[in-house]
Amino acid sequence: MDKITLYREYIKTLLTNYAKDDISTEEIDVQLIFDTENDHYQWMNVGWEDLNRVYRTVIHLDIKNGKIWLQQNLTEENPAADLVKMGVSREDIVLGLHPPYKRPYTDYGVA
């Protein structure tokens, strides 16, 4: 299995495991979006809470130029560390949620 195919499987497994603990209600859906053609992966909450619209990207990961980009994380989880445990090298994980000038100071890839 090539690296990108493996990364896709890791991301889908990770998001599925995280989202199973999210509580779906009659009014709020937990959605997992796996766009393997364009390599965008999201865990979302969509619906209504009383009179308030809920449209929240909980975690968003992309694969760009052979690296996994963490674009959003609204959880207590550490997807980057969990991906390393799964076998992804630190250099292949970019913390896209940090500005470019901060990335060289992380233990992860820069771009």
Side-chain angles (χ1 to χ4, degrees):
M1 187 178 301
D2 73 339
K3 179 173 90 167
I4 299 303
T5 303
L6 192 59
Y7 285 0
R8 288 177 181 135
E9 292 304 313
Y10 288 164
I11 290 169
K12 289 191 287 186
T13 299
L14 188 75
L15 290 180
T16 300
N17 287 337
Y18 286 166
K20 72 178 182 195
D21 294 329
D22 199 353
I23 298 172
S24 183
T25 67
E26 287 184 23
E27 295 188 25
I28 298 177
D29 292 327
V30 175
Q31 297 182 355
L32 292 175
I33 301 167
F34 300 149
D35 176 2
T36 56
E37 186 173 319
N38 297 297
D39 284 319
H40 305 293
Y41 306 87
Q42 296 181 6
W43 160 19
M44 296 189 66
N45 295 139
V46 178
W48 289 89
E49 189 169 53
D50 299 320
L51 298 176
N52 298 308
R53 177 72 174 150
V54 174
Y55 187 83
R56 172 176 43 244
T57 303
V58 182
I59 294 181
H60 176 175
L61 296 157
D62 292 325
I63 300 175
K64 299 191 315 184
N65 301 318
K67 296 186 179 193
I68 298 173
W69 286 66
L70 177 58
Q71 305 287 18
Q72 171 88 324
N73 181 14
L74 298 179
T75 72
E76 302 273 328
E77 304 292 345
N78 188 339
D82 290 339
L83 287 165
V84 169
K85 289 177 191 171
M86 295 172 99
V88 179
S89 73
R90 289 179 172 280
E91 295 78 29
D92 277 358
I93 300 170
V94 178
L95 302 180
L97 44 77
H98 290 309
Y101 74 89
K102 285 188 179 181
R103 293 181 200 149
Y105 304 106
T106 69
D107 288 334
Y108 298 97
V110 294

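What you see is a predicted model; the values in this text were computed from it and never measured.
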Does CG belonging to Asn65 count more than 12 external heavy atoms closer than 6.0 Å?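 No.
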Please check if [X] and [Y] belong to a single hydrophobic cluster, counting links between Ile, Leu, Val, Met, Phe, Trp and Tyr side chain heavy atoms closer than 4.5 Å.
X      : Y     : value
Leu97  : Trp69 : no
Val54  : Val30 : no
Tyr108 : Met86 : yes
Trp43  : Ile28 : no
Ile68  : Ile33 : no

Rounded distance (nearest 0.5 Å) linking atom [atom1] of [X] with atom [atom2] of [Y]:
X     : Y      : atom1 : atom2 : value
Glu49 : Thr25  : CD    : OG1   : 8.0 Å
Leu32 : Ile11  : CG    : CD1   : 12.5 Å
Asp92 : Tyr7   : CG    : OH    : 3.5 Å
Met44 : Leu15  : CE    : CG    : 12.5 Å
His40 : Leu61  : NE2   : CG    : 12.0 Å
Arg90 : Asp107 : CZ    : CG    : 5.0 Å

Less than 4.5 Å apart, side chain to side chain, heavy atoms only: is that true for [X] and [Y]?
X     : Y     : result
Ile59 : Leu74 : no
Thr57 : Gln71 : no
Val58 : Tyr18 : no

Residue pair [X] / [Y]: nearest heavy atoms and the distance that separates them:
X     : Y     : answer
Asp62 : His60 : OD1-NE2, 2.8 Å
Leu14 : Pro79 : CD2-CB, 3.9 Å
Asn73 : Glu77 : ND2-O, 3.0 Å
Gly66 : Ile4  : CA-CD1, 3.6 Å
Ile93 : Ala80 : CD1-O, 3.6 Å

With a 4.0 Å cut-off, would you call Arg8 and Asp39 a salt bridge?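 Salt bridge between Arg8 and Asp39, a charged N being under 4.0 Å from a carboxylate O: yes.
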Let me see the working for Arg53 and Val46 under side-chain contact (heavy atoms from CB on, under 4.5 Å), right down to the final yes or no. CA-CA 8 Å; Arg53 177 72 174 150; Val46 178; 3.6 Å; yes
Quick one: do Lys102 and Leu95 satisfy side-chain contact (heavy atoms from CB on, under 4.5 Å)? Show the steps, please. CA-CA 9 Å; Lys102 285 188 179 181; Leu95 302 180; over 6 Å; no
Does the plane of the ring in Tyr41 sit parallel, tilted or perpendicular to the ring in Phe34? Use 30° and 60° as the thresholds.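 If you compare the ring of Tyr41 with that of Phe34, the planes turn out tilted.
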